[in-house]
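If you scroll down you'll find the structure; I have some questions about it.
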2 protein chains.
Amino acid sequence: MADGAGPIISGKGGRTAARIRQAALELFSRLGFERTTMGEIAAAAGVSQPTLHYHFADKAQLWREAMLELGAVIAEEERLLGAAADAGPLAQLRMAMRLFLQISWKHPALGRIVALEGMAGGERLDWLVDNLIGARNRRLVGLARGAIAAGDLKPFPPEQLVVTLQTAGAGLVNMTPLMAANFGVDTARADQRQAHEQLILDALLGGLIISRQQDKSGGQP
Amino acid sequence: MADGAGPIISGKGGRTAARIRQAALELFSRLGFERTTMGEIAAAAGVSQPTLHYHFADKAQLWREAMLELGAVIAEEERLLGAAADAGPLAQLRMAMRLFLQISWKHPALGRIVALEGMAGGERLDWLVDNLIGARNRRLVGLARGAIAAGDLKPFPPEQLVVTLQTAGAGLVNMTPLMAANFGVDTARADQRQAHEQLILDALLGGLIISRQQDKSGGQP
DNA sequence: GCCATTTCTGATTACAAAGTCAGGAAATCG
DNA sequence: CGATTTCCTGACTTTGTAATCAGAAATGGC
């Protein structure tokens, strides 16, 4: 893990470095690490290829710093969830899931990256877990476990809720090319978003909740 | 004559070619096209690297022929579904979904490939749609549409059911490395399979079905 | 203006991986 | 057996891409 030893942010704070990170994030998330070339990133950022190496030591370092752009996304999620910390387990879980879905639509790069690296494994996945998504996922598992313990949800391995939320929640956005090729529909449109959020919440919550006698408020027993 | 069970394009029918296809399928599905090298495939198949080029014109051709190994999987699915062609729309859909989940577990390569290429787009995705998954997906959409028209399911864009089934159904298997890195659990185990199938079916069917006795519309818990 | 520092680029190198080819080994057939 | 075809490999070429470097172009201080 010598790679992670250096400063997390090595790129200068200037506008050029920011443009490069932005272009890199978009390309890495769509195509993955190997399929994306430094030349493509440079072209997308409007600079020459050696400029990338001036701002970032190597491709892996650029990848990591591009991913850190997503750190703010996670932080915002944390903040909004913290506001509801006093609600019941099910209410918190519902809010977390809704947030997750909204974030997946607002920042498709995060879901795509997790899907890509989460499938392949390796040191980039380890880095993601350690630096971006590990705590968030553990928090979700905790909420699910709490809701199950409170008798609000059917018992199931709570890790599976996370992975299902992750894959199904980001699925429609991630699979935009597939849907276009297979059905000729553009699933990245806003109206699709609305319907999909409804679908996932209806499905995961509607299907898993243990309905109590008229108690729909989500409060603790 | 070849002992192969599926349609073959250019690869000879011998055992060596079959071993190569097998190794290629496994590697391509785990790592994707670019991340997999011809050398790795050769090593996994126990032959030298030029042997790959003797049996297959180039890497893309090998990829396509490796994918065709999955043709038998799809065909089996078709066959089993055909047996229930006279059931109602919802019953057919339920059976199709159950089959989909079982296939996802039995042949993880299919789900991983679709996830990988469905995210990136390009000519390999087009090929997959045309030759492997397009018809199957359209069939699923047809079943969902039928179940909605029959008033059995809440109205939602039926393409979204397909993409959700695809991503959520294959999600737990696909994300094995992520779950291992994040939670230290091996989600490829059989008991996990059972629970996950239950989760998906409970969620998608339990959450979307319109219960006809009381016919409550709209209001989501 | 002039110098120093930072920022960027063209040209080049290094290397990994796909693809080629001549020829050797092994199977097939008379 | 020898002849012929099929199958496979070592050595090689080609290509694409990450990384390097010397120096040009800005930028900022005086």
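Note on naming: letters A, B, ... go to the chains in the order of the sequence lines (proteins, then strands), and numbering restarts at 1 for each one.
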- Message: What is the distance, to the nearest angstrom, from the CD1 atom on B:I20 to the P atom on C:dA18?
- Response: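 Atom-to-atom, B:I20 to C:dA18, this comes out as 14 Å.
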- Message: Can you see if the side chain of B:T51 gets near the phosphate of D:dC8 - specifically, an N or O under 4.0 Å from OP1 or OP2?
- Response: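 Result: no.
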Show me, pair by pair, the donor-acceptor contacts under 3.5 angstrom made by side chains of residues 139-148 of chain B, not counting sequence neighbours?
residue, atom, partner, partner atom, Å
B:R139, NH1, B:E78, OE1, 2.9
B:R139, NH1, B:E78, OE2, 2.8

- Item | B:E40 CD - C:dA16 P separation (whole Å) |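 Going from CD in B:E40 over to P in C:dA16 covers 13 Å.
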- Please name all residues satisfying side-chain contact (heavy atoms from CB on, under 4.5 Å) with A:R124, sequence neighbours left out, ordered by chain then number.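 Once residues adjacent in sequence are excluded, the partners of A:R124 under the side-chain contact (heavy atoms from CB on, under 4.5 Å) criterion are A:F33, A:E34, A:W63, A:E117, B:R35.
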- Message: Suppose the criterion is salt bridge (charged side-chain N to carboxylate O under 4.0 Å, His left out): which pairs have a residue in residues 166-176 of chain A, not counting sequence neighbours?
- Response: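 Non-adjacent pairs meeting salt bridge (charged side-chain N to carboxylate O under 4.0 Å, His left out): zero.
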- Nearest of C:dG10, C:dT7, D:dC8 to any side-chain atom of B:T16?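 Of all the options, the side chain of B:T16 is nearest to D:dC8.
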- Do the side-chain N or O atoms of B:Y54 get closer than 4.0 angstrom to the phosphate oxygens (OP1, OP2) of D:dC8?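 It does not, given that no N or O in the side chain of B:Y54 lies less than 4.0 Å from OP1 or OP2 of D:dC8.
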- Item | Between P of C:dA18 and CD of B:Q61, the distance in whole Å |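 Computing the B:Q61:CD to C:dA18:P distance gives 16 Å.
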- Are any of the side-chain heavy atoms of A:E26 and A:R112 separated by less than 4.5 Å?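 Answer yes - side chains close enough.
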- How many Å lie between NE2 on B:H55 and C1' on C:dG19, as a whole number?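 The answer, rounded to whole Å, is 16 Å.
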- Query: With sequence neighbours left out, which residue pairs that include part of residues 50-63 of chain B fulfil the salt bridge (charged side-chain N to carboxylate O under 4.0 Å, His left out) condition?
  - Reply: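 The answer is none; no pair qualifies.
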- Protein-proximity profile, nucleotides 15-20 of chain D, B/S/- by nucleotide at the 4.0 Å heavy-atom cutoff, equals --SBBB
- How would you list all residue pairs meeting salt bridge (charged side-chain N to carboxylate O under 4.0 Å, His left out) that involve residues 168-182 of chain A, not counting sequence neighbours?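 Listed once each, the pairs would be none.
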